[in-house]
Amino acid sequence: MDSVNELRMQAPASSRMPVRHKLSLSHVKLSPYAYEVERETIAWMEVSGLIPDERYLESVSNMAVWGYAGFSHPFAKNEELLLYSKYITLWLLWDDVVVERATDLSAILHGLANAFRWDSGTWHEKDPYLRAWRSIVEGYKGLGVSPDYLHRLNRKMGTWVKTVACENQSVCSAGVVNPWSHLRRRLVTIGVIPTAQLLDLDVGDVDCVPVARRVVMAASAVVAIVNELVSVEKDADRVNLVALVQNRHQCDVESAYDRVVGMCRTELAKLSALVDALPAGLQGWGRLMLHMAEGFSYWHFVCPRYDRKRITCQIPSTCQKPPALVERALPAVLSP
């Protein structure tokens, strides 16, 4: 396995709440193009009209795009990583700004389907998000993907939109949500299912291979559970797996947290075993899935969006990041 890159950027634990839990990851690597791709992604978003003011810039900056893309797809070539970075960063902002606040689901699904269609045709779209999606689709067409590839990707994104809409209707109803039902839904809304298709543009339809589908779902579980673990405080007014487990087992929050950490460790072990069981032709894709799942998980520990008051993350081998790269001048993006 390639050497692991680690960035020592965890936020200090709260003095009122000592860190009591630790998660260990073994497939974490940072792309050598991570910071260049972040700069280009944010510049593209500004040109696309997606960063109209400092508030939006701060929101995108807090996504830690360098790690979001760089940890989850560390072996991609520069051009492919940039397109992938645009895709997942646009997706995250689109979810925050559009999907979570949407009242007309049909309009969103129609716009997305239109943006993901194969035929370019004449297209006049006022929505900057849909224009940006279309730009990304054209980029993937330029990399040689097939019409079937785009059809599958559009179908998965449509399923994600519908499931997020259902989730948004019940996020404040913890008393009526079963923790396992919540987690099953999170396997879809966490976004790993479409992302798995972006990792290897030549791998074919992994949905047709049962063991590959199980790899995708195990990866989804890992990322979803980590997201729940670092969002306990952030999700105080929403449904969170830790709170649901606490309610289900009538235990204190630390005991519930420990149970959920144990669930994550189980899914990590399952994911590795499932990848090992893949047929030879899918082993390369499986290794990318391991790095994606653990890379997204580790990103939560360097991203300002999340809390790490109760948990730290440990990975082998270290690679220090020059402090100058942390203090990059992102506001300059908005300069004339």
Side-chain angles (χ1 to χ4, degrees), residues 4-28 30 59 62-64 67-68 71-72 92 96 167 171-175 177-187 189-192 218-272 292-316 318 321 326:
V4 178
N5 292 286
E6 179 181 11
L7 308 187
R8 299 296 189 186
M9 294 179 59
Q10 288 114 337
S14 168
S15 59
R16 296 174 297 170
M17 187 185 301
V19 174
R20 297 179 55 178
H21 308 273
K22 180 172 67 177
L23 187 67
S24 296
L25 301 172
S26 56
H27 297 86
V28 178
L30 183 65
S59 177
N62 285 340
M63 294 176 185
Y68 194 40
F71 283 129
S72 61
L92 188 55
D96 286 348
E167 184 177 73
V171 291
C172 299
S173 307
V177 178
N178 179 288
W180 319 126
S181 297
H182 173 68
L183 181 56
R184 282 193 295 271
R185 188 164 58 194
R186 292 293 284 138
L187 298 185
T189 62
I190 199 64
V192 166
S220 297
V222 168
V223 181
I225 294 171
V226 170
N227 183 271
E228 298 285 297
L229 286 169
V230 299
S231 300
V232 174
E233 281 72 31
K234 186 171 76 72
D235 290 348
D237 59 342
R238 297 166 64 93
V239 173
N240 181 277
L241 184 60
V242 174
L244 294 176
V245 168
Q246 181 185 9
N247 183 62
R248 179 66 175 248
H249 293 279
Q250 293 298 295
C251 59
D252 62 78
V253 65
E254 292 301 334
S255 297
Y257 203 95
D258 192 55
R259 285 176 181 265
V260 178
V261 172
M263 291 166 57
C264 189
R265 291 174 180 147
T266 297
E267 293 299 329
L268 281 165
K270 181 194 295 185
L271 176 59
S272 291
M292 181 193 71
E294 295 198 18
F296 272 142
S297 297
Y298 188 67
W299 164 75
H300 286 83
F301 290 86
V302 300
C303 182
R305 287 169 63 98
Y306 302 103
D307 307 303
R308 278 85 58 175
K309 293 184 176 68
R310 290 186 173 88
I311 189 168
T312 59
C313 185
Q314 179 179 8
I315 60 178
T318 62
K321 182 165 80 74
V326 181

Participant: On a heavy-atom basis, which atom in Ala256 and which in Cys251 lie closest, and how many Å separate them?
Facilitator: N-SG, 3.7 Å

Participant: Answer yes or no: is there a side-chain heavy-atom contact under 4.5 Å between Met263 and Leu241?
Facilitator: yes

Participant: Who pairs with Gln246 by side chain to side chain donor-acceptor pair (under 3.5 Å), at least two apart in sequence or on another chain?
Facilitator: none

Participant: Which heavy-atom pair separates Ser255 from Asp252 by the least distance, and what is that distance?
Facilitator: N-OD1, 2.9 Å

Participant: Going by side-chain contact (heavy atoms from CB on, under 4.5 Å), name the residues that satisfy it together with Ala224, two or more places apart in sequence or in a different chain.
Facilitator: Leu183, Arg186, Ile190

Participant: Which pairs, with at least one residue in residues 219-250 and sequence neighbours excluded, count as a ring-ring contact (aromatic ring centres under 6.0 Å, His included)?
Facilitator: none

Participant: Considering residues at least two apart in sequence or located in another chain, which fulfil the side chain to side chain donor-acceptor pair (under 3.5 Å) criterion with Ser24?
Facilitator: none

Participant: Distance check, rounded to the nearest 0.5 Å: His182 atom NE2 versus Arg248 atom CZ?
Facilitator: 14.0 Å

Participant: Give a yes or no on whether the backbone of Ser26 and the side-chain of Glu294 come within a donor-acceptor separation of less than 3.5 Å.
Facilitator: yes

Participant: Taking the side chain as every heavy atom from C-beta outward, state whether Val222 and Val192 have any pair of such atoms under 4.5 Å apart.
Facilitator: no

Participant: Would Arg305 and Asp96 satisfy side-chain contact (heavy atoms from CB on, under 4.5 Å), going step by step from the backbone distance to the final call?
Facilitator: CA-CA 12 Å; Arg305 287 169 63 98; Asp96 286 348; 2.9 Å; yes

Participant: Between CD1 of Ile315 and CZ of Phe301, what distance do you get to the nearest 0.5 Å?
Facilitator: 10.5 Å

Participant: My understanding is that only residues two or more places apart in sequence, or in another chain, count here; which of them pass side chain to side chain donor-acceptor pair (under 3.5 Å) with Arg265?
Facilitator: none

Participant: Is there a side-chain contact between Lys234 and Asn240 in this structure, where contact means two heavy atoms from C-beta onward sitting under 4.5 Å apart?
Facilitator: no

Participant: Got a donor-acceptor contact below 3.5 angstrom from the Tyr257 side chain to the Leu229 backbone?
Facilitator: yes

Participant: Working to the nearest 0.5 angstrom, can you tell me the gap between Tyr306 OH and Glu228 CD?
Facilitator: 10.5 Å

Participant: Could you pull out all residues at least two apart from Ser231 that satisfy side chain to side chain donor-acceptor pair (under 3.5 Å)?
Facilitator: none

Participant: Sequence neighbours excluded, which residues qualify as side-chain contact (heavy atoms from CB on, under 4.5 Å) partners of Ala218?
Facilitator: Glu267, Lys270, Leu271, Leu274

Participant: If you round to the nearest 0.5 Å, how far is NZ of Lys22 from OG1 of Thr312?
Facilitator: 6.5 Å

Participant: What residues, two or more places apart in sequence or in another chain, satisfy side-chain contact (heavy atoms from CB on, under 4.5 Å) together with Thr266?
Facilitator: none

Participant: Give, for atom OG1 of Thr189 and atom CD of Glu167, the distance between the pair rounded to the nearest 0.5 Å.
Facilitator: 3.5 Å

Participant: Measure the CH2-CZ distance between Trp180 and Arg185 for me, rounded to the nearest 0.5 Å.
Facilitator: 15.0 Å

Participant: Could I get the full list of ring-ring contact (aromatic ring centres under 6.0 Å, His included) partners for Tyr68, not counting sequence neighbours?
Facilitator: Phe296, Trp299

Participant: Could you report the tightest heavy-atom contact between Pro304 and Ala64, atom names first, then the distance?
Facilitator: CD-CB, 4.4 Å

